[in-house]
Amino acid sequence: MPKLKIGIVVGSTRAARFADKPTEWIVSLAKARGDVEVEVVDLRDYPMPFFDEAVSPAWGPSQSEVARKFQEKVASLDGFIFTAAEYNHGPTAVLKNALDYAYNEWNKKPAGFIGYGGVGGARAVEQLRMHAVELQMAPTKAAVHIVWGDFLAIREGKKIEEFEHLNQAGKALLDETIWWAKALKAARDADAAAASKAA
């Protein structure tokens, strides 16, 4: 069987973003496992306008070419881990916009989160979990929260892998995300096979 494909979605596009550090770290942890493929999905590579489509992606194709490319990328992946900066007690606008630009492509896939900022991005992650449920995703209980003291130390040059509590949280997040990705991929494949027989 081919390996599951997990997308690491970089949830900030700011020039001075912190997101690259946790992205590189979680990719390294995932690659060390050897049982999945990981791909970074950088929202800088998908400069979608703020959502202004005539209909929801749940009901019709997007007019935006870049949105269609983003949807194809999401469709090709079996699960996701999102980096989640917290701004004013919520997630970034660009990440929420990206979630809104797909629908069926997110369905029945796991969503894990690496939060950072105030209280480790916990409020942003909680909102994103609600969005994930509406997108028919399975948000994981396990998450990584890079709290303010750790965040500042990492900004000043300390490496995330030097924080054992973050390594443990990252491994738990990967374990849970990959478990759900396997279970949901099997269920999606079974649904597809049943639909093919019925056709």
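For the single chain, residues carry numbers from 1 onward in sequence order.
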Between [X] and [Y], what is the shortest heavy-atom contact and its length?
X: Val94; Y: Ser12; result: CG1-CA, 4.2 Å
X: Ala84; Y: Val125; result: CB-CG2, 4.2 Å
X: Lys109; Y: Ala75; result: NZ-O, 3.3 Å
X: Leu43; Y: Gly11; result: CD1-CA, 4.2 Å
X: Gly112; Y: Thr140; result: CA-OG1, 3.5 Å
X: Ser76; Y: Lys5; result: O-CD, 3.7 Å

Close side-chain approach of [X] and [Y], heavy atoms under 4.5 Å:
X: Trp106; Y: Val74; answer: yes
X: Leu77; Y: Val41; answer: yes
X: Ile81; Y: Val9; answer: no
X: Tyr101; Y: Pro49; answer: yes
X: Glu53; Y: Ser64; answer: yes
X: Phe163; Y: Ile154; answer: yes
X: Val144; Y: Leu166; answer: yes
X: Met137; Y: Asn107; answer: no

Q) side chain to side chain donor-acceptor pair (under 3.5 Å) between Gln71 and Tyr103: does it pass, once the steps are laid out? A) CA-CA 8 Å; Gln71 291 158 2; Tyr103 184 77; over 6 Å; no

I need the [X] [atom1] to [Y] [atom2] distance, nearest 0.5 Å.
X: Glu86; Y: Thr92; atom1: CD; atom2: OG1; answer: 11.0 Å
X: Thr177; Y: Lys182; atom1: OG1; atom2: NZ; answer: 12.0 Å
X: Met48; Y: Asp100; atom1: CE; atom2: CG; answer: 9.5 Å
X: Leu135; Y: His131; atom1: CG; atom2: NE2; answer: 9.0 Å
X: Ile26; Y: Ile114; atom1: CD1; atom2: CD1; answer: 4.0 Å
X: Gln136; Y: Lys108; atom1: CD; atom2: NZ; answer: 6.5 Å

Q.
Strictly by salt bridge (charged side-chain N to carboxylate O under 4.0 Å, His left out), give each pair with a member in residues 33-45 just once, sequence neighbours left out.
A.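 As it turns out, the salt bridge (charged side-chain N to carboxylate O under 4.0 Å, His left out) pairs with a partner in residues 33-45, which skip direct neighbours, are Arg17-Asp42, Arg33-Asp35, Arg33-Asp175, Glu39-Lys73.
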
Please check if [X] and [Y] belong to a single hydrophobic cluster, counting links between Ile, Leu, Val, Met, Phe, Trp and Tyr side chain heavy atoms closer than 4.5 Å.
X: Val133; Y: Leu99; answer: no
X: Leu184; Y: Trp179; answer: yes
X: Val10; Y: Ile160; answer: yes
X: Tyr87; Y: Val147; answer: no
X: Val40; Y: Ile6; answer: yes

Q.
For the residue pair Asp150 / His165, report whether a side-chain donor-acceptor contact shorter than 3.5 Å exists.
A.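 Per modelled atom types, His165 and Asp150 side chains form a pair under 3.5 Å.
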
Q: Carefully, step by step, assess Leu174 and Lys171 under the rule side-chain contact (heavy atoms from CB on, under 4.5 Å).
A: CA-CA 5 Å; Leu174 285 165; Lys171 288 172 184 173; 5.7 Å; no

Check: [Y] main-chain N/O paired with [X] side-chain donor or acceptor under 3.5 Å:
X: Lys31; Y: Val36; value: no
X: Ser28; Y: Glu24; value: no
X: Ser196; Y: Ala192; value: no
X: Asn97; Y: Phe51; value: yes
X: Arg68; Y: Pro61; value: no

Q: Measure up the Tyr116 and Phe151 rings against each other and bin them: parallel (under 30°), tilted (30 to 60°), perpendicular (over 60°).
A: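 Parallel, since the angle between the ring planes stays under 30°.
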
Q) Would Lys69 count as a cation-pi partner of Tyr46, with NZ or CZ less than 6.0 Å from the six-membered ring centre and within 45° of the ring normal? A)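 Ring-cation test returns no.
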
Q.
Could you check whether atom CD of Glu164 has more than 12 heavy atoms from other residues, nucleotides or ligands sitting under 6.0 Å from it?
A.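 Enclosed.
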
Q: Any chance you could lay out the salt bridge (Lys or Arg N to Asp or Glu O under 4.0 Å) test for Arg129 and Glu126, step after step, and finish with the verdict?
A: CA-CA 5 Å; Arg129 283 180 172 137; Glu126 284 304 297; 2.4 Å; yes

Q) Taking the six-membered ring for Trp, is the centroid-to-centroid distance between Trp25 and Phe18 below 6.0 Å? A)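 That pair fails the under 6.0 Å test.
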
(Q) Salt bridge or not between Asp78 and Arg188? Use side-chain N to carboxylate O under 4.0 Å. (A)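 Looking at Asp78 and Arg188, the cut-off is met.
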
